[in-house]
Number of protein chains: 2
Amino acid sequence: MYTVYIPSMKVQFFETGSSHMSTRGLKTAAGQIQRPVPLREAAYEAILDLITTRTLSPGLHLVETELAEQLGVSRQPVREAIQRLSNEGWVELRPGYGAFVHTPTETEADQLLAVRSLLETESARLAAENATPEQIDHLRELIDSGRSETTSGNTEAVVRVNSEFHRSITVASGNKVLTELAAQVDRRVRWYYTPVARIRGSASWDEHEQLLDAVEARDPGRAGTLMSEHTERTRLTYNEHAQEEG
Amino acid sequence: MYTVYIPSMKVQFFETGSSHMSTRGLKTAAGQIQRPVPLREAAYEAILDLITTRTLSPGLHLVETELAEQLGVSRQPVREAIQRLSNEGWVELRPGYGAFVHTPTETEADQLLAVRSLLETESARLAAENATPEQIDHLRELIDSGRSETTSGNTEAVVRVNSEFHRSITVASGNKVLTELAAQVDRRVRWYYTPVARIRGSASWDEHEQLLDAVEARDPGRAGTLMSEHTERTRLTYNEHAQEEG
DNA sequence: CAGGAGCATACTGTATACAGGATACAAAAG
DNA sequence: CTTTTGTATCCTGTATACAGTATGCTCCTG
């Protein structure tokens, strides 16, 4: 009944990060063997990518056999991927009828932004109490990197670094539950946000730096306030753009 | 016109355990036809129940065929249920190894309590701004009901009403994302909390009443503060009990 | 021409089949 | 007696099969 679990094996398995990193398998010092990623994982990443890039537009009916054929697998892994997407709010599952790409609404976007603001503000507060020197160094590097990518106009990289900065703050909070929830909310916010957002210029990195200074100075109150203002500004930017669109 | 679908008898299959699972299959209004609950849903409820009641203890290896046989279905619905349980943190999924009931740790419980406190405090604040008169009435009824159940010593009912009160507060916030996250966190907190908790007597209902008064008076600041203190007290209670155990 | 019944088809939900890897146990070698 | 190797068995991951319902179109009827 109880099965012994060997820790060394799990290493590369739960790499939930970017799907198109070439370093799929870990081949570090000990010559670890690359294990095949379960098809359900691959299918999940693939479909989510199709959704976030708008290739599969909101409201679309996801037909299992079509996706299966397109991905070159059977329906089974596709179903499991869709289940997970449903749990995370990316698709809606109508029993007997099928899966449909979730259609974002204005109010929902606003509510997500509000929750994100809440989670990240608390993260910043806790990070000011718990961040390790290494984590602070890492954050400092991200700001530098973000600045240089901004000046060189590499939009995609800026978005990625920005996202990584926020994630690292939540990690530095030391609260894993918080990290997980924030990551999930953040990803969905980004989905809603992307089509209307332009990058909030380099001012954003100044704000990040102030925040990091507060964290380094172990000033939770100030860190929280700064993050709160920062996310609130993002929210306003979004609402402005949303209003322009209609 | 739709061809009428006559519900089969198998709907009744999963009355296992918790009888008052929300209105999944039953439609009261206007002679709606009852549709069969998807087996994956039933399996999910059944397994989750087994986990929360400690019938399936932490660390246990969930063998798909065993569960399938026990529930009288095939492996497929069981797999889908396990997937969902994994997403929600109830079991851990190790590719190639199988599913294992998640083992709670002290720090994790504390982190969950911290996040719950955060989410519910914000909920209370928002509820003070947005709650409708009907919602306030409902909350008032819950307090009455909670008090009477407390005096009659009906522990299980007290727990349920308490849970429902907190959930209703999050609903009254008007933020659905918040409601959903809070519900998920709350359920897990309860899982951790149950074995060491005795009910925090009737003082708890006085606190609830004060909170509701603040909500009715449209005083977000006070509502937030009260909820924060309330959840913090719960957290302390938990930590005391946890310490006694070790 | 309009409306409805009936049929064909597509898709989901569920079950079963099959292959490869993991575990455990036993036997053989040192 | 300890360690290694071979083997039998179990379990997961994936594919395929099957049943039943929803949808859409055609044809019939008024």
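None of these values were measured; they are calculated from a predicted model. Below, chains carry the letters A, B, ... as their sequence lines are ordered, and counting in each starts from 1. FYI, side chains are in, hydrogens and waters are out, and symmetry mates aren't considered; it's all heavy atoms of this structure.
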Just how large is the angle between the end axes of the helix from C:dC1-D:dG30 to C:dG30-D:dC1, five pairs per end, to 10 degrees? 0°
Enter the distance from A:Tyr238:OH to A:Asp110:CG here, rounded to the nearest 0.5 Å. 8.0 Å
By the ring pair (Phe, Tyr, Trp, His ring centres under 6.0 Å) test, which pairs, at least two apart or in different chains, include something from residues 62-83 of chain A? none
Looking at residues at least two apart in the chain, or sitting in another chain, which of them share a side chain to side chain contact (heavy atoms under 4.5 Å, CB included) with A:Ala183? none
Taking only residues two or more places apart in sequence, or in another chain, which ones meet A:Thr105 in a side chain to side chain donor-acceptor pair (under 3.5 Å)? A:Thr107
Set of side chain to side chain contact (heavy atoms under 4.5 Å, CB included) partners for B:Thr55, sequence neighbours left out: B:Leu50, B:Thr53
Interface with DNA chain C, restricted to residues 63-74 of chain A and to heavy atoms under 4.0 Å: A:Val63, A:Glu64
If you look only at distance, which donor and acceptor atoms sit under 3.5 Å apart when one is on a side chain in residues 66-75 of chain A and the other is two or more places apart or in another chain?
unit_1: A:Ser74; atom_1: OG; unit_2: A:Gln76; atom_2: N; d: 3.4
unit_1: A:Arg75; atom_1: NE; unit_2: A:Glu64; atom_2: OE1; d: 3.0
unit_1: A:Arg75; atom_1: NH2; unit_2: A:Glu64; atom_2: OE1; d: 2.9

Could you tell me how far apart B:Arg75 (CZ) and D:dG13 (C1') are, to the nearest whole angstrom? 8 Å
Please state whether the phosphate of D:dC11, meaning OP1 or OP2, lies under 4.0 angstrom from any side-chain nitrogen or oxygen of B:His61. no
Have a look at B:Leu62 and say if it touches a base, only the backbone sugar-phosphate, or nothing, with a 4.0 Å heavy-atom cut-off. sugar-phosphate
Could you state the atom-to-atom distance from CD of B:Gln83 to C1' of C:dT14 in whole Å? 16 Å
How would you label the contact of A:Arg40 with the nucleic acid (heavy atoms, under 4.0 Å): base, sugar-phosphate, or nothing? sugar-phosphate
Please check the phosphate of C:dG13 (OP1 and OP2 only) for any side-chain N or O of A:Arg79 closer than 4.0 Å. yes
Judged by nearest nucleotide, the residue sitting upstream toward the 5' end of DNA chain D, A:Gln76 or A:Tyr97, is A:Gln76
Residues in side chain to side chain contact (heavy atoms under 4.5 Å, CB included) with A:Asp186, at least two apart? A:Arg116, A:Glu120, A:Ser163, A:Arg190
Set of salt bridge (Lys or Arg N to Asp or Glu O under 4.0 Å) partners for A:Glu88, sequence neighbours left out: A:Arg84
Interatomic distance where CG belongs to A:Leu39 and C1' belongs to C:dA19 [whole Å]: 13 Å
